[in-house]
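Written below as structure tokens is the structure these notes are about.
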Number of protein chains: 2
Amino acid sequence: MTDQSWDPYERDCPTRQLLDRIGDRWTVLIIGALGDGPLRFGELSRRVDGVSQKMLTQTLRALERDGLVTRTLYPQVPPRVEYELTQAGRTLQGPLGALDDWARTHMVGVLAAREAYDLSV
Amino acid sequence: MTDQSWDPYERDCPTRQLLDRIGDRWTVLIIGALGDGPLRFGELSRRVDGVSQKMLTQTLRALERDGLVTRTLYPQVPPRVEYELTQAGRTLQGPLGALDDWARTHMVGVLAAREAYDLSV
DNA sequence: CCGAATCCTGCGCGATACTG
DNA sequence: CAGTATCGCGCAGGATTCGG
């Protein structure tokens, strides 16, 4: 063994792969919105304020592709589609919830630090 | 009170603010790299594989501005600068570590689901 | 109601070159 | 070693329009 105790962030490490996947503006918010149970397309777009139809569709497709969300089409007219977290998707709720808690606790301080810094410049 | 149990993701909620802040390719990796203790600029750029000088500087400045990282200049030649997590910055290690653990456990499955999905299309 | 397809723009970010 | 300055492209993603 070497004395290298730190495993560096290589380009293809799991952390990077996850970041590439959820590191956009909408994925985390959509997973959060689905946390309470299945939602229809329209309900989702209302809960995630400001998301465009295109990005909502695109993000949901990606989540479905990765096995984190299921898409269920009820063949009726008008069409009804429901999205729901899979088992795997639900395992993300914990880590994401921790981030959410951090945000509620610390973001005020961060914003204050930012203002103070700007004044000092 | 209303029967509205869900607090929607308004444009300025803490979650969104945090996401706007750490939702880029480098911030999370840099905080992770600083988790073991202070590091110099050059050490950081070696640990975070692929980060450009520009993005490393830029991200570190933003972290300093938000009170998550301190920058210490040792006036000697050649110059020596060390970056270190602040108390507030260290409180992020928990939530970020949880995400990291998730990635190590589940990303393989996600990648597999993705491949399966692509084949089925 | 739920999407797909197209067009168009901003700016994130990498590459490169230069300072103290 | 640790930055700053400038240029330029790629592409995420918003607006809009059309289909089932």
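In what follows, every chain begins at residue 1, and chains take the letters A, B, ... in the order their sequences are listed.
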Just list the side-chain donor-acceptor pairs under 3.5 Å for residues 56-63 of chain B, sequence neighbours left out, or say none.
{"from": "B/Thr57", "atom 1": "OG1", "to": "B/Gln53", "atom 2": "O", "distance (Å)": "3.1"}
{"from": "B/Thr59", "atom 1": "OG1", "to": "B/Met55", "atom 2": "O", "distance (Å)": "2.7"}

Do B/His106 and A/Thr91 come within less than 4.5 Å of each other through their side chains, counting heavy atoms only?
yes

Using a 4.0 Å cut-off to any heavy atom of chain A, which nucleotides of DNA chain D are the first and last in contact, reading 5' to 3'?
D/dG13 to D/dG20

Report yes if some heavy atom in the side chain of A/Arg80 is under 4.5 Å from a heavy atom in the side chain of A/Phe41; otherwise report no.
no

To 10°, what angle do the rotation axes through the five end pairs on each side of the helix from C/dC1-D/dG20 to C/dG20-D/dC1 form?
40°

Check: A/Leu85 and A/Gln93 side chains under 4.5 Å, non-hydrogen atoms:
yes

Heavy-atom check, side chain of A/Arg21 versus side chain of A/Thr27, under 4.5 Å
yes

Side-chain donor/acceptor pairs under 3.5 Å, residues 109-121 of chain A, sequence neighbours excluded:
{"from": "A/Arg114", "atom 1": "NE", "to": "B/Asp66", "atom 2": "OD1", "distance (Å)": "2.7"}
{"from": "A/Arg114", "atom 1": "NH2", "to": "B/Asp66", "atom 2": "OD1", "distance (Å)": "3.4"}
{"from": "A/Arg114", "atom 1": "NH2", "to": "B/Asp66", "atom 2": "OD2", "distance (Å)": "3.0"}
{"from": "A/Asp118", "atom 1": "OD1", "to": "B/Arg65", "atom 2": "NH1", "distance (Å)": "2.8"}
{"from": "A/Asp118", "atom 1": "OD2", "to": "B/Arg65", "atom 2": "NH1", "distance (Å)": "2.5"}
{"from": "A/Ser120", "atom 1": "OG", "to": "A/Tyr117", "atom 2": "O", "distance (Å)": "2.8"}

If you take all heavy atoms of A/Tyr9 and B/Ala33, which pair is closest and at what distance?
CE1-N, 3.7 Å

Are B/Leu34 and B/Glu84 close enough that some pair of their side-chain heavy atoms sits under 4.5 Å apart?
no

Taking the side chain as C-beta and beyond, is there a heavy-atom pair between A/Tyr74 and A/Val81 under 4.5 Å?
no

Hydrophobic clustering (ILVMFWY, side-chain heavy atoms < 4.5 Å, transitive) - are A/Leu73 and A/Tyr83 grouped together?
yes

Between residues 64-79 of chain B and DNA chain D, which residues have a heavy-atom gap below 4.0 Å?
B/Arg71, B/Pro78, B/Pro79

Check: A/Thr70 and A/Gln87 side chains under 4.5 Å, non-hydrogen atoms
no

Begin with the C-alpha distance, continue with both residues' side-chain angles, and end with the deciding distance and a verdict on salt bridge (charged side-chain N to carboxylate O under 4.0 Å, His left out) for A/Asp12 and A/Arg16.
CA-CA 6 Å; A/Asp12 63 345; A/Arg16 300 266 275 233; over 6 Å; no

What does nucleotides 10-16 of chain C look like as a protein-contact string, B for base, S for sugar-phosphate only, - for none, at under 4.0 angstrom between heavy atoms?
---BBB-

